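Reckoned from all heavy atoms, side chains included, excluding hydrogens, waters and symmetry mates. Throughout, residue positions are numbered sequentially from 1 according to the sequence presented. In this text the structure is predicted, and so the values were computed from the model without any measurement. Start at 1 and go down the list; that is how both ligands and their atoms are numbered.
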Amino acid sequence: MITRFAPSPTGRLHLGHAYSAALGRRLGTRWLLRIEDLDPGRARPEFVEGIREDLDWLGLAPDGEPIVQSQRTHLYAAALEGLKEMGLVYPCFCTRADIAASLTAPHGDAGSAYAGTCRALPDDPERRTSTPHSWRLDSAQAIARAGGVPGWREQDGSLHQGTPDMIGDAILARKDAPSSYHLACVVDDAESGVSLVVRGADLRPSTPVQRLLQTLLGLPEPTYLHHPLVTHEDGRRLAKRDEAPTLQAMREAGVDGRALVTALTMGNLPTGYRLGLP
Ligand code: GLU
């Protein structure tokens with residue numbers, strides 16, 4: 001079983017990351033570390049260093065060299081080319097402001113709620129050369145080509161059906177980033193042979209679009225384990241911006257990292273925290 005831990009170096013890791021890492025390590029005969037550093041505005045080298053320090057302290061040693069996404073952009077570009085050749089993506093010239101203005105739901109996710117402004121534009125290579133743009137999945141075409149929205153299998157054996165409303169015209173590459181999370185994630189999971197994707201339940205909405213991309217790109221289907229999130233005792237979610245529960249703070253307070261991993265692996269959380277609903 002090949003599992004992976006795929007943090008984004010956009011802040012210090014917290015207890016939720018430690019839980020995910022401990023679970024992935026326990027379930028994987030090989031456990032890989034992948035640094036998801038494709039967001040140039042938010043990824044920072046000091047947080048990559050922080051991830052190494054935290055994993056060291058937890059006594060969790062990844063198998064093999066870490067996979068660093070910013071060094072692999074040619075792989076994502078090739079996958080995007082494949083989707084272009086199949087006619088399943090289109091360039092999007094909308095600005096963030098355009099997209100925000102077109103959203104109906106105030107807290108909607110920009111990917112799924114995108115109004116499709118650029119979907120039916122005639123191809124204009126000159127504009128593409130002169131104007132920064134993103135590439136979006138043409139979800140209707142993509143679903144038709146895949147013969148429907150693929151489902152996924154969770155590690156407990158349950159099967160989950162994907163439905164078209166779970167898939168938006170997701171951005172697959174941005175003007176300032178060579179690949180979006182979804183595209184890089186499926187390319188890397190396949191390329192490194194990940195057979196079980198262990199990640200928090202907050203990422204479950206990503207799974208249908210990732211399964212669709214896997215189907216279109218002819219990539220193997222992993223099994224998924226979307227684990228419950230670690231929350232504060234009162235149910236509040238841990239966020240990267242919360243200072244208190246970072247692993248760095250726990251280490252500095254004298255907590256034993258290896259003992260923490262043993263406890264987390266048995267589902268025992270430190271005082272003040274608990275596991276949320278699955
Ligand atoms: N990089 C993502 C995060 O930090 C995790 C991606 C995944 O596990 O698929 O939330």
Side-chain angles (χ1 to χ4, degrees), residues 1-28 30-44 46-52 54-55 58 60 62 66-73 75-76 79 109 111 152-155 160 166 170-172 174 177-214 217 219-231 237-242 245-247 276:
M1 194 68 91
I2 304 184
T3 56
R4 81 320 191 260
F5 177 52
S8 307
T10 56
R12 294 298 307 214
L13 300 186
H14 55 57
L15 199 54
H17 294 106
Y19 179 72
S20 201
L23 206 58
R25 173 72 278 185
R26 182 165 65 85
L27 294 170
R30 265 180 82 69
W31 180 67
L32 311 176
L33 172 63
R34 184 164 82 220
I35 305 292
E36 301 210 323
D37 60 345
L38 289 178
D39 186 338
R42 295 173 62 221
R44 304 253 176 78
E46 66 264 32
F47 294 134
V48 177
E49 203 34 55
I51 290 167
R52 287 182 214 276
D54 291 340
L55 291 180
L58 293 168
L60 295 174
I67 295 155
V68 180
Q69 289 192 323
S70 59
Q71 295 170 2
R72 298 158 60 84
T73 55
L75 297 175
Y76 318 134
D109 158 59
W152 73 95
R153 185 186 295 271
E154 293 271 343
Q155 202 229 4
H160 298 256
M166 296 175 179
I171 291 187
L172 300 186
R174 277 185 0 211
S179 170
S180 75
Y181 158 60
H182 293 308
L183 188 61
C185 181
V186 299
V187 167
D188 284 341
D189 282 341
E191 209 262 345
S192 43
V194 170
S195 51
L196 175 64
V197 172
V198 177
R199 60 186 176 195
D202 55 336
L203 285 165
R204 198 185 277 114
S206 299
T207 301
V209 72
Q210 294 186 4
R211 286 285 303 116
L212 179 61
L213 291 172
Q214 286 159 355
L217 294 166
L219 304 175
E221 173 184 357
T223 304
Y224 291 84
L225 172 58
H226 294 103
H227 60 73
L229 298 182
V230 175
T231 69
R237 271 180 59 174
L238 304 188
K240 277 189 178 161
R241 57 187 174 275
D242 283 356
T246 65
L247 300 180

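- Those atoms of ligand 1 that come under 4.0 Å of a heavy atom in Glu36, given as number and element, are 1 (N), 2 (C), 5 (C), 6 (C).
- Those atoms of ligand 1 that come under 4.0 Å of a heavy atom in Arg4, given as number and element, are 7 (C), 8 (O), 9 (O).
- Listed by atom number, the atoms of ligand 1 under 4.0 Å from Tyr181 heavy atoms are 6 (C), 7 (C), 9 (O).
- Of all the listed residues (Pro7, Ala6, Gly200), Ala6 holds the heavy atom that lies closest to atom 2 (C) of ligand 1.
- Here the CG-CG distance, from Asp188 to Leu219, works out to 10.5 Å after rounding to the nearest 0.5 Å.
- The part of Leu203 lying near ligand 1 is the side chain, judged by heavy-atom distances below 4.0 Å.
- For a threshold of 3.5 Å applied to N or O pairs, the pair formed by Ser8 and ligand 1 contains at least one separation below that value.
- Of the N and O atoms on the side chains of Glu154 and His160, not one donor lies less than 3.5 Å from an acceptor on the other residue.
- Under the 30°/60° scheme for interplanar angles, the aromatic rings of Trp31 and Phe5 are found to lie parallel.
- Between Arg199 and ligand 1, a contact under 3.5 Å exists for at least one N or O pair.
- We find that Asp202 and Arg237 are joined by a salt bridge, their nearest charged nitrogen and carboxylate oxygen being less than 4.0 Å apart.
- With no hydrogens or angles considered, a side-chain donor-acceptor pair links Gln214 and Arg211 at under 3.5 Å.
- Val48 approaches Pro9 most closely through the heavy-atom pair CG2-CB, 3.6 Å.
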